[in-house]
Every structure is written in C-alpha cells, then in structure tokens.
Asker: 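Take this structure first; my questions come after.
In each ligand, atom 1 is the first atom listed, and ligand 1 is the first ligand listed. For the single chain, residues carry numbers from 1 onward in sequence order.
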Amino acid sequence: MTGLFISFEGTEGGGKSTQIELLANWLREHGHEVVVHREPGGTPIGEEIRHLLKHSDANVNMTPEAELLLMNASRAQLVREVIRPRLEQGCVVLCDRFHDSTVVYQGYGRQLDLESVRAVIHHAVGETQPDITLLLRVPVSVSEERRRAREESEPTQRDRFEEADREFFERVEAGYDQIAASEPERIRTIDATKSVDEIQAEIRSEIGPLLSP
Ligand code: TMP
C-alpha cells in the first residue's frame, strides 16, 4: 500500500498552516489517516536544526552553504524517520515545505549554484518526491504586509530568514514562478490572495482526484 505525499510551498503570509489544518481535517473526516509535518523540523533532530537555522543566537554568521546542508540534514532525517514509513502504511503525508523550498530559498534566494543545490537535495531525499505540490502564491508586497501585521498582533521570536532584504524575497518569488512553470504537472499554483474558503476549495479540487476510495 502506498500513501499520498503532498507538499505545500510559498512565501511567508500565504496561509499555508491554516490551509494544511483545514485539509487535514477534511481528509480525516473522509476516513484517511493523515500525518502533518513541517520543514525544517518534523523530527526531534529536525526541530533542533530548525531552532539553529531560525532562532538561535548562534546563527548570525551562518553561511549559505551551511544553511543548505542543515536544511537537508533535517530533511534526510524526516524522509527516513517519518515520510517513507508513513507512506508505506498508506497514510496521506502533508508537509509544510519540502525540497522546492531549498531550490528557491538557497538556490534562487541565496544564489547558490543550482546544480549543487539539486545534488544535495538528491542525496537527502533519494526517490522520495511529493506526488503533488500546492504553491500558495502571494506577491512580495502582500507577504510583507501580512508579516508586519502578524508581528504587531503577537510577539514573535527572532527569525533569521525574516532578516533578509527585499531583493532576496523577490528572487524567491521569481524562483517559485520558474519551478512552477517547469513542472506544471506536479506543482499547482494557487492564488493565495483569495479568501481562506476559496483557497481551500481549490486545494480540495486538486487533491480529490488523487485519493484512493
Ligand atoms: P516557516 O516554517 O515559518 O515557513 O519557516 C521556515 C523558513 O525556512 C522559511 O523562511 C523558509 C526557509 N526554508 C529554506 O530556506 N529552505 C528550505 O529548504 C526550507 C524547508 C525552509
């Protein structure tokens, strides 16, 4: 029995976590066994790596190369500890970000050589690829606005990624558009400026046909 592997992608403020939760509830109501994970993270080792990458005071001088390898150390662990065994049990695995984030953030954003980035990813994931990827797309300006609103409404931990400049996020946005254009079968772009309900309806119409009865 093989399950279904769905990844969610997009810049900050696209509402990924809300949409993943709604989809997970809907799938469970329809009798599917669902597991939800995020990257970096999702395992005890991965969560420590996540802290180092995002919040730790020790990360101020982190190089893009170290960032690339840490992202993929977390991923190699998640793939073997969680994703493969769960897929073998027939579960639906929902992952908040997967390898496309590395291509886009470390490749396009940090401007590391794309071929090297893909080689590292391949080492981490092998043949484990999402069956479908939902790209929740919001323009950089909307993403910035939503991030600001969130920071004002709730106290947030320092996040090293949010310290990057606007050009970085513009390269990330362009990167997402390029990979979506190059793999239209797997990567489905959804306009995430729409309402929560409209976005969820689109997601369900993409996923519905892939589910086993
Ligand atoms: P998030 O869980 O709040 O989306 O934070 C994860 C951050 O890490 C986000 O800024 C995107 C970034 N990231 C990468 O740069 N490369 C990766 O491979 C992954 C999975 C995330």
Side-chain angles (χ1 to χ4, degrees), residues 5-21 36-43 45-56 59-60 62-79 81-83 93-114 116-126 128-130 133-138 140 142-144 146-151 153-176 178-179 187 192:
F5 181 14
I6 306 170
S7 65
F8 289 78
E9 292 286 347
T11 51
E12 288 72 7
K16 281 196 284 24
S17 2
T18 306
Q19 293 299 338
I20 290 172
E21 200 183 324
V36 178
H37 283 286
R38 65 176 179 184
E39 276 214 320
T43 64
I45 290 172
E47 288 298 320
E48 290 213 10
I49 296 175
R50 179 183 177 88
H51 177 74
L52 182 56
L53 280 160
K54 284 173 62 103
H55 311 300
S56 164
N59 71 23
V60 281
M62 187 179 290
T63 65
E65 290 80 3
E67 182 178 284
L68 169 69
L69 294 168
L70 285 169
M71 287 293 177
N72 283 281
S74 169
R75 177 167 303 133
Q77 191 68 31
L78 184 68
V79 164
E81 191 175 324
V82 177
I83 296 178
V93 176
L94 306 183
C95 208
D96 185 344
R97 299 189 179 282
F98 196 61
H99 68 323
D100 297 310
S101 280
T102 305
V103 173
V104 166
Y105 281 78
Q106 280 65 57
Y108 288 86
R110 303 281 191 226
Q111 299 180 299
L112 291 176
D113 172 59
L114 277 176
S116 310
V117 168
R118 290 190 201 278
V120 174
I121 291 171
H122 186 257
H123 188 62
V125 307
T128 304
Q129 303 276 339
T133 298
L134 301 163
L135 169 56
L136 303 190
R137 190 184 188 289
V138 278
V140 175
V142 175
S143 178
E144 277 176 347
R146 290 183 178 174
R147 200 166 60 213
R148 244 195 317 270
R150 201 188 59 213
E151 277 163 11
S153 68
E154 54 187 83
T156 50
Q157 263 182 304
R158 169 185 162 264
D159 181 339
R160 197 173 54 86
F161 288 93
E162 295 188 357
E163 292 166 357
D165 57 22
R166 189 169 220 271
E167 285 73 37
F168 173 86
F169 289 107
E170 280 167 356
R171 288 194 297 275
V172 166
E173 181 182 34
Y176 270 128
Q178 287 197 27
I179 63 164
I187 306 177

Asker: Name the residues with a heavy atom less than 4.0 Å from ligand 1?
Answerer: E12, E39, P40, R50, K54, M71, R75, R97, S101, T102, Y105, Q106, F161
Asker: Is E173 salt-bridged to R137, going by a charged N under 4.0 Å from an acidic O?
Answerer: yes
Asker: Classify the side-chain pair H99/E39 by whether it contains a donor and acceptor separated by less than 3.5 Å.
Answerer: no
Asker: Pair up each side-chain donor or acceptor in residues 116-125 with any protein partner under 3.5 Å, not counting sequence neighbours, and list the distances.
Answerer:
unit_1, atom_1, unit_2, atom_2, d
S116, OG, D113, OD2, 2.7

Asker: When you measure from the centre of the six-membered ring of F169, is the NZ or CZ of R147 closer than 6.0 Å and no more than 45° off the axis?
Answerer: yes
Asker: Does this structure show an ion pair linking E67 with R160, if we count only N-O contacts that are shorter than 4.0 Å?
Answerer: yes
Asker: So I83 and F98, do their side chains get closer than 4.5 Å, heavy atoms only?
Answerer: yes
